[in-house]
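Okay, structure first, notes after.
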Amino acid sequence: MHVKKTILALATACLMVQGAGAAETYRWDTVAMGGAGFVSGVVTSKSERGVVFVRTDVGGAYRYDAQNERWVGLNDWLSEDNAGLMGVESIAIDPRNAANVYMLAGTEYYNSGKSAILRSTDYGKTFTTTDVTAQFKSHGNGAGRANGEKLQVDPGSSNVLFVGTRKNGLFKSVDSGATWNRVDSLNITETPNGAGISFVLLDPTSVKDGTAKRIYVGVSRYGSVGPNLYLSKDGGATFAPVAGAPAGLMPHRAAITSKGRLYLTYGNGAGPHSNLASEPLNTGAIWEYNTIGGVWTNVTPAGQTAVFSGISVDPVNPKRLVATTSSLFAYQTAQPANMWGDLIFTSIDAGRTWTNLMERGMSVDTNGIGYANTASIHWAGAVEFDPFDPKTAWVISGNGLYKTTDVDAPKSVWKFDVKGIEESGAYQAESIPGGPLVSIIGDFDGFSHTDPSQYVQRHMPAMGSTTGLAVAAQATHVMARVGNELYTSTTQGATWEKAPTKMATRGNLALSADGFVLLHSPENSTTTYRSTDFGANWTPVTGLAVNNARPVADAVNPAKFYVYDRPTGTLLASTDGGVSFSPKAQLSSWGSDFVRATPGREGDLWMCMEWNGLSHSTDSGATFTKVGAINSCSGVGLGKAAPDASYPTLYLWGAVDSKRGLMRSIDQGVSWDRVNDDIHQFGGMIPGRFVTGDMNTYGTVYFAANGRGIAYGKIDPAGDVKVTPQTYAPPPPPPSLKPAECKYIVTSTWWGGGVAEVHITNQSTSVISGWTVNWTYADNSDLEGRWSAAVSGTKPSFTATNSEPWNHDIYPNQMVSFGFVFNNGGTENPGPAPAVTGDICK
């Protein structure tokens with residue numbers, strides 16, 4: 001329920017905005033970069049031509065729109081509270097009705113592991129959500145995510161579905177996915193690698209009395225752990241291991257022919273990568289299983305020992321196969337720029353002989369996407385024939401999806417088929433007055449766009465993941481970017497020069513307003529460095545012992561820089577060109593460290609303080625005023641002023657009332673409009689990332705979408721999103737100042753010791769950037785081994801600090817863990833679990 005404003009002036013201003021914006025509409029899309037993330041599966045309908053879906057590990061699922069030759073995102077309606085459902089672990093299409101589509105979705109480290117079966121009866125245009133978290137959990141970004149498919153619809157009955165899970169076994173639904181029950185006849189739960197069931201396959205030739213009787217289940221384990229292929233001959237009433245199945249490798253995928261032959265791909269690991277010593281991912285095979293006689297035949301391509309994953313059978317010709325390696329990274333002259341990548345094989349004699357398409361000769365059609373000429377087909381965990389045109393095939397890749405329309409051509413051409421698919425992790429974007437939108441992303445550097453709807457080449461020279469970007473506000477031709485290397489530009493990003501030296505890698509950058517001073521705060525460092533010669537020489541900055549500091553330059557005065565220390569809430573400032581910093585103001589803790597300096601106005605700063613709203617300073621951070629009508633603010637940016645307005649337009653991701661979204665103000669925060677809607681939430685803004693207004697076009701705004709690259713909205717009379725004036729409602733009570741739940745968990749024991757883990761769960765709405773925790777044993781236990789953290793101390797007290805790039809930042813509702821072996825001095829049982837404490841622990 002909305003609450004009436006008590007201040008007449010504010011109410012009048014809001015009414016004026018309501019009247020002015022009533023007819024205004026927005027159009028939303030994603031900045032055209034081109035895939036840039038892992039497409040983990042492709043699924044085709046066997047009953048209706050042209051119905052094709054792909055799934056990604058963090059960016060949702062997509063349906064192909066043949067008329068517009070473009071993929072359409074199906075999960076953009078997801079809110080922050082359901083952001084983890086952007087991780088789609090499996091897709092199933094009803095073999096009897098292609099309009100019925102299902103997804104297994106969820107991400108272990110988002111929304112407390114919330115998992116769901118998403119059900120659609122209109123080809124994925126709309127979905128009904130069945131929350132299955134209490135029964136089983138999905139992890140679309142977990143190990144083995146290219147395996148599958150785990151979710152299947154019975155070819156004999158549209159009401160019957162099966163799903164394999166990572167930790168809870170096999171489940172069945174008899175009401176089209178609305179409810180689920182465990183299939184107890186398959187006594188499989190967890191596997192050592194956490195991937196669980198790798199695929200479920202129902203034999204369509206075994207349909208009897210309305211349901212399929214033969215059900216194959218692959219399990220992501222090998223060796224002495226236990227069997228990894230099971231078969232039911234009675235529709236799931238009973239299961240038994242398949243005799244003779246290869247025991248030294250774990251199955252990735254399977255495909256069955258109309259003649260009852262099963263083709264399976266294997267590797268010594270779940271893939272697509274592994275940190276487990278027990279899964280080196282360096283060998284694999286393809287096997288054929290004759291379901292009629294029970295005979296196994298090794299049909300691995302001659303001379304190949306790589307991990308194999310993708311497999312598909314021509315539905316017209318059961319002897320015609322296509323298969324792929326995965327995680328091979330073989331050097332190939334066939335792929336663009338002589339890249340390292342995977343191999344694609346075809347066979348016309350049931351796998352007795354194979355043709356290596358890369359060896360025979362192939363080429364890549366970049367499809368107008370510039371960076372595709374510097375990328376390869378890799379992590380090719382799935383490949384699929386078009387059932388209605390078997391010359392056509394798709395193969396997945398770590399950077400997207402490739403398609404050929406003639407797999408049998410003497411030199412096959414594979415088109416980079418990702419238009420509409422965007423799933424990069426965007427770190428920063430800046431709109432330059434009179435210039436381009438400059439962005440940086442994970443894996444593929446970033447881009448300079450003069451039109452966000454057009455594909456362009458990535459920043460070159462390439463270095464992969466780029467974490468920091470800086471543009472000189474008064475000399476916008478001067479830029480810098482950092483990842484594993486540091487590059488500077490004096491041509492507004494048209495060309496880049498490698499810095500002569502660097503003190504460390506990654507992290508954040510700032511350039512003084514005149515471009516003379518460059519500050520670099522490396523990743524996981526409390527030292528910030530200063531250079532006045534584009535990185536030839538560096539000196540440490542004094543007075544700034546902030547871990548992972550994000551320095552921001554004043555937009556006018558070259559002598560001024562600002563840094564917000566999130567754990568303490570202190571704003572520090574420099575007035576000597578970044579030589580030294582000193583405390584300037586005390587604000588609330590755990591706000592966004594992305595301080596925004598207003599273009600053209602010295603000392604004019606905006607700061608998002610999460611549940612403490614939005615704060616504004618006009619005196620270089622000496623004092624701040626809280627903007628009244630804001631309940632929460634996770635990211636703020638500025639863009640071109642509205643017509644007849646003298647101040648830049650404000651944009652924020654947050655809430656005026658209870659509804660969070662992308663907000664816009666043209667009057668310095670007096671009144672606000674929401675410019676996105678519930679259909680265009682993109683999983684929310686990635687916590688800790690950015691909102692950026694366009695400095696050349698009023699009303700255009702960009703933000704770091706959660707798994708969907710950079711989302712942008714622009715004013716468009718033909719747009720489908722109505723601008724909605726916001727009415728202020730009182731904020732909810734603030735959360736605890738200590739944002740995390742820290743738990744000590746014993747996972748196994750033996751006489752004299754055991755294995756334990758510490759789980760840290762971020763229960764706030766802000767990113768925890770770096771962490772340190774402590775514990776003390778009551779029984780004087782000692783440690784003998786540790787992993788995933790830097791652990792120090794002597795018994796009985798120990799301290800652990802983040803040591804890995806992947807667990808440095810803990811996003812809202814995400815859990816990270818580290819583990820160790822403990823020795824309790826030879827007693828039978830360990831003592832009581834110690835309390836885990838620290839600045840972040842409740």
Side-chain angles (χ1 to χ4, degrees), residues 41-49 51-52 92-93 95-96 98 148-149 152-156 199-208 212-218 229 231-233 242 244-246 251-266 284-302 304 308-325 343-357 380-395 404-409 412:
V42 53
V43 179
T44 62
S45 170
K46 308 301 188 291
S47 63
E48 185 174 335
R49 180 185 293 270
V51 178
V52 185
I93 305 173
R96 300 162 64 87
E149 297 295 318
Q152 297 286 350
V153 183
D154 195 303
F199 68 80
V200 177
L201 180 64
L202 285 72
D203 184 352
T205 67
S206 70
V207 173
K208 183 180 179 182
K213 301 307 175 187
R214 282 193 294 273
I215 304 173
Y216 293 91
V217 175
L229 183 65
L231 170 63
S232 174
K233 298 180 180 180
V242 177
H252 281 207
R253 285 181 169 267
I256 196 164
T257 75
S258 58
K259 304 297 184 181
R261 293 180 187 267
L262 190 69
Y263 291 92
L264 302 103
T265 53
Y266 288 88
I286 305 176
W287 283 81
E288 174 194 87
Y289 176 66
N290 189 331
T291 61
I292 298 174
V295 177
W296 286 90
T297 305
N298 189 334
V299 294
T300 308
Q304 296 295 327
F308 281 85
S309 187
I311 187 73
S312 185
V313 177
D314 180 345
V316 177
N317 179 0
K319 291 187 176 182
R320 186 166 174 265
L321 313 173
V322 61
T324 62
T325 63
L343 303 177
I344 304 174
F345 295 87
T346 58
S347 175
I348 57 173
D349 57 5
R352 272 52 184 178
T353 61
W354 294 87
T355 299
N356 182 337
L357 301 192
V383 66
E384 194 75 19
F385 281 122
D386 184 335
F388 296 90
D389 178 14
K391 283 186 172 294
T392 295
W394 293 268
V395 63
T404 183
T405 56
D406 191 354
V407 71
D408 297 323
S412 58

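We're numbering straight along the sequence, starting at 1.
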Could you go through V407 and S412, starting from their C-alpha distance and side-chain angles, then the distance that decides it, and tell me whether this counts as side-chain contact (heavy atoms from CB on, under 4.5 Å)?
CA-CA 6 Å; V407 71; S412 58; 5.5 Å; no

Which pair of heavy atoms, one from [X] and one from [Y], lies closest together, and at what distance?
{"X": "S45", "Y": "S47", "answer": "OG-N, 3.1 Å"}
{"X": "I256", "Y": "P204", "answer": "CG2-CD, 4.2 Å"}
{"X": "P95", "Y": "P155", "answer": "CG-CA, 3.9 Å"}
{"X": "A92", "Y": "V153", "answer": "CB-CG2, 4.0 Å"}

Quick one: does [X]'s side chain have a donor or acceptor within less than 3.5 Å of a partner on [Y]'s backbone?
{"X": "D349", "Y": "T353", "value": "yes"}
{"X": "T291", "Y": "G260", "value": "yes"}
{"X": "S232", "Y": "I215", "value": "no"}

Report, as yes or no, whether the 6.0 Å neighbourhood of atom NZ on K46 holds more than 12 heavy atoms from other residues, nucleotides or ligands.
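Above 12, so yes.
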
Near K213 NZ, under 6.0 Å, is it more than 12 heavy atoms from other residues, nucleotides or ligands?
yes

Rounded to the nearest 0.5 Å, what's the gap from [atom1] on [X] to [atom2] on [Y]? Could you check?
{"X": "E48", "Y": "I93", "atom1": "CD", "atom2": "CD1", "result": "9.5 Å"}
{"X": "T324", "Y": "L343", "atom1": "OG1", "atom2": "CG", "result": "9.5 Å"}
{"X": "D154", "Y": "L202", "atom1": "CG", "atom2": "CG", "result": "5.5 Å"}
{"X": "L321", "Y": "I348", "atom1": "CG", "atom2": "CD1", "result": "10.5 Å"}
{"X": "N290", "Y": "L262", "atom1": "CG", "atom2": "CG", "result": "10.0 Å"}
{"X": "I286", "Y": "Q304", "atom1": "CD1", "atom2": "CD", "result": "9.5 Å"}

Side-chain heavy atoms of [X] within contact of [Y], under 4.5 Å:
{"X": "S309", "Y": "T325", "result": "no"}
{"X": "W394", "Y": "T404", "result": "no"}
{"X": "V395", "Y": "I344", "result": "yes"}
{"X": "K259", "Y": "K319", "result": "no"}

Contacts of R352 that satisfy salt bridge (Lys or Arg N to Asp or Glu O under 4.0 Å) - sequence neighbours left out:
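In terms of salt bridge (Lys or Arg N to Asp or Glu O under 4.0 Å), with neighbours along the sequence ignored, R352 is linked to E288.
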
Could you check F308 against Y266 for side-chain contact (heavy atoms from CB on, under 4.5 Å), going step by step and ending with a plain yes or no?
CA-CA 6 Å; F308 281 85; Y266 288 88; over 6 Å; no

Taking F199 as the fixed residue, which of V217, L264, T265 is the one that meets the side-chain contact (heavy atoms from CB on, under 4.5 Å) rule?
L264

Determine whether T355 and L357 satisfy the following criterion, side-chain contact (heavy atoms from CB on, under 4.5 Å), listing intermediate values before the conclusion.
CA-CA 6 Å; T355 299; L357 301 192; 4.2 Å; yes

Less than 4.0 Å between a side-chain N and a carboxylate O, is that true for D408 and R320?
yes

Using 4.0 Å as the upper bound for N to carboxylate O, is an ion pair formed by D406 and K391?
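Yes.
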
On the 0 to 90° scale, with breaks at 30° and 60°, tag the W296-Y289 ring pair as parallel, tilted or perpendicular.
tilted

Test W354 against T300 for side-chain contact (heavy atoms from CB on, under 4.5 Å), laying out the working first.
CA-CA 9 Å; W354 294 87; T300 308; over 6 Å; no

Is it true that the side chains of R214 and T205 contain a donor and an acceptor less than 3.5 Å apart?
yes

Please tabulate, one pair per line, all N/O donor-acceptor pairs under 3.5 Å involving side-chain atoms of residues 380-390, not counting sequence neighbours.
{"residue": "D386", "atom": "OD1", "partner": "F388", "partner atom": "N", "Å": "2.9"}
{"residue": "D389", "atom": "OD2", "partner": "T392", "partner atom": "OG1", "Å": "3.0"}

